[in-house]
2 protein chains.
Amino acid sequence: MRRTKADAEATRQQIICAAERVFYKKGVSNATMEDVAHAAGVTRGAIYWHFANKTDLFMELYKSVPLPQEDMVARELESEDAEVLTVIERVAAEWLDTLANDEQRQRILSILLRCDYTGELSAVLEQQQGVDDGHMQTLEAAFARAAEKGQLGTCWTPKSAASALRWMMKGICSEWLLFGRRFDLASEGREGLRRLIGSLQAAK
Amino acid sequence: MRRTKADAEATRQQIICAAERVFYKKGVSNATMEDVAHAAGVTRGAIYWHFANKTDLFMELYKSVPLPQEDMVARELESEDAEVLTVIERVAAEWLDTLANDEQRQRILSILLRCDYTGELSAVLEQQQGVDDGHMQTLEAAFARAAEKGQLGTCWTPKSAASALRWMMKGICSEWLLFGRRFDLASEGREGLRRLIGSLQAAK
DNA sequence: TAGTTTACAGACAGCGATGTATGTTAAATG
DNA sequence: CATTTAACATACATCGCTGTCTGTAAACTA
């Protein structure tokens, strides 16, 4: 039965939404089109109508996900604030809170962390690297402003501080997402973050 | 042509060695038995003679790999040394150095970080978690001894310090291994480590 | 030394997943 | 209102991969 244009878009979104859950549960390479179709309540025919293949479906899922609020992070980090380190900590803590409360974000990040980028998905990897590089630059710039104001501990450089924060964030997230969520992200993660930022700070 | 007992063991090792490289290159679930056989210079028949299936091969690879030098780490961390934090830093730095120079270790860790533990490989995940838990306990105990001697900064608890170190190590390793090795692990990783430990230290 | 077993190679059957081709129905179009 | 076309469902051909089965030659054993 032929559907209206809006109906078609709805099923397309259903498929993407189902793909997200299935990819998360079984991993991208282990997930089958039949799995996605079943989860979406359609047949494989519908999927192949909207998407060329699994790689294409993955790319569309990747594009459709609302991660570009990274801009928000960047803008906030570039804001002129006297207490730069406080801003950095707040932004990072908000990021953790968001992740802790947003199941979709958790699934997407898990998929992105585990999936195999060799082959056709290398474009995604490059894009991720680009985003990360930009992220690092704004972070480094923020720490540089903190250093100018004498707020950064003498044993830290802007670059090393940015790396440390980034590595710890990555460690927290991958440990939590990929290793069974065996601690409370919002509380313990934030606590670790707070202590780290505190240690980055110059003694007063 | 029937081989001698030693020959058989040799091909078994060849297969495991080839599996390590193939699993690393293509991911466990994407790698086929034919791939492994080809890389090992044998046929699938040989593999199925030595191993029941891919999961079994993976488990044997996991068992055969010389990771249990974790014991060494634990023993060194439990040693009675006045400068506890220095010991911790040295052990962690040595771990990074070992990883940076040991390609096999890099492959194994990459495989372990990326592979999908849902299903038959859940046993491996549990074992990993067990190792990690033990690791964390010795780390925490070491930091506790540092705290007793007044070497740990006041804003850190043994547990939070251990978590911070562990998260950063994990972040460094996964970033380096899974994200294109875009920095020098031995130098930059060690530097970050040194600064972190320095920040954990109580001001003198 | 004859028979047995080991350590594979090679062939085979079967399944599961993919991609495509076809069928079907209702919306859109004129 | 007749025709076309969009949005699927269904059926089909195909292929890669798995696991097993058989074949075989050399090593071991009695």
Side-chain angles (χ1 to χ4, degrees), chain A residues 1-61 64 111 114-116 118-121, chain B residues 1-61 64 111 114-116 118-121:
Chain A
M1 18 181 148
R2 166 84 193 281
R3 310 295 171 77
T4 175
K5 188 89 174 170
D7 286 345
E9 184 56 28
T11 67
R12 193 189 126 95
Q13 289 304 320
Q14 268 187 33
I15 293 171
I16 288 184
C17 181
E20 180 196 309
R21 295 194 305 271
V22 172
F23 286 172
Y24 167 68
K25 218 177 195 175
K26 311 188 65 170
V28 178
S29 54
N30 278 330
T32 166
M33 295 299 239
E34 180 63 38
D35 292 333
V36 177
H38 183 76
V42 295
T43 65
R44 277 171 46 248
I47 300 184
Y48 278 101
W49 171 258
H50 286 283
F51 310 95
N53 49 40
K54 196 160 74 176
T55 302
D56 184 41
L57 174 56
F58 179 87
M59 297 294 285
E60 294 301 311
L61 166 62
S64 82
I111 295 171
R114 284 187 317 195
C115 85
D116 180 25
T118 61
E120 312 188 74
L121 270 55
Chain B
M1 15 178 148
R2 163 86 191 281
R3 311 292 170 78
T4 177
K5 187 91 174 170
D7 286 343
E9 183 56 29
T11 67
R12 193 190 127 96
Q13 290 303 321
Q14 269 188 32
I15 292 170
I16 287 184
C17 182
E20 180 195 309
R21 295 194 305 271
V22 172
F23 286 172
Y24 167 68
K25 218 177 195 174
K26 311 189 66 171
V28 178
S29 54
N30 277 330
T32 167
M33 295 298 239
E34 181 63 40
D35 293 332
V36 177
H38 183 77
V42 295
T43 65
R44 277 171 46 249
I47 300 184
Y48 278 101
W49 171 257
H50 286 283
F51 310 95
N53 48 42
K54 196 159 74 174
T55 302
D56 184 40
L57 173 56
F58 178 87
M59 296 294 286
E60 293 301 311
L61 166 61
S64 83
I111 294 171
R114 285 187 315 194
C115 83
D116 178 27
T118 61
E120 311 188 77
L121 270 54

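Every chain is numbered from 1, with letters handed out A, B, ... down the list of sequences.
One can place CH2 of W49(A) at 17 Å from P of dG23(C), the figure rounded to the nearest angstrom. I47(A) has its CD1 atom 14 Å from the P atom of dT10(D), to the nearest Å. One atom, CG of D7(A), and another, P of dA6(D), lie 16 Å apart when rounded to the nearest Å. Distance, R3(B) CZ to dT24(D) C1': 12 Å, rounded to whole Å. The distance between atom CG of L57(A) and atom P of dG19(C), rounded to the nearest whole Å, is 11 Å. The nearest whole Å value for the distance from the CZ atom in F51(A) to the P atom in dT20(C) is 16 Å. The nearest whole Å value for the distance from the CD atom in Q14(B) to the C1' atom in dA7(C) is 14 Å.
Distance alone, capped at 3.5 Å, places no donor-acceptor pair between the R12(B) side chain and the F51(B) backbone. At least one donor-acceptor pair under 3.5 Å links the side chain of D56(B) to the backbone N or O of A52(B).
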Could you run through nucleotides 16-21 of chain D and give me one letter per nucleotide, 5' to 3': B if any protein heavy atom sits under 4.0 Å from the base, S if only the sugar-phosphate is that close, - if neither?
-SBBB-

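Summarising the local packing, CD of E120(A) is surrounded by 12 or fewer heavy atoms from other residues, nucleotides or ligands at distances under 6.0 Å.
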Under 3.5 Å donor-acceptor pairs involving side-chain atoms of residues 37-46 of chain A, not counting sequence neighbours:
unit_1	atom_1	unit_2	atom_2	d
T43(A)	OG1	G45(A)	N	3.4

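Looking at R21(A), K25(A), K26(A) one by one, the single match for salt bridge (charged side-chain N to carboxylate O under 4.0 Å, His left out) with D35(A) turns out to be K26(A).
In the helix from dT1(C)-dA30(D) to dG30(C)-dC1(D), the end axes, each obtained as the rotation axis mapping the C1' atoms of four pairs onto the next four within a five-pair block, lie 0° apart to the nearest 10 degrees.
Listed nucleotides: dC8(C), dC28(D), dA28(C). Nearest to the side chain of T4(B): dC28(D). Considering only the side chain of A8(B), dA7(C) comes nearest among dA7(C), dA9(C), dA7(D).
Between the CD1 atom in I47(A) and the OG1 atom in T11(A) there is a gap of 10.0 Å [rounded to 0.5 Å]. The CG atom of D7(B) sits 11.0 Å away from the CD atom of E9(B) when rounded to the nearest 0.5 Å.
Taking all atoms of both residues into account, the shortest heavy-atom contact from Y48(A) to M33(A) is OH-CG, 3.8 Å. Counting all heavy atoms, side chain and backbone alike, F23(A) lies closest to R114(A) at O-NH2, 4.0 Å.
OP1 and OP2 of dA7(C) both lie 4.0 Å or more from every side-chain N or O belonging to H50(B).
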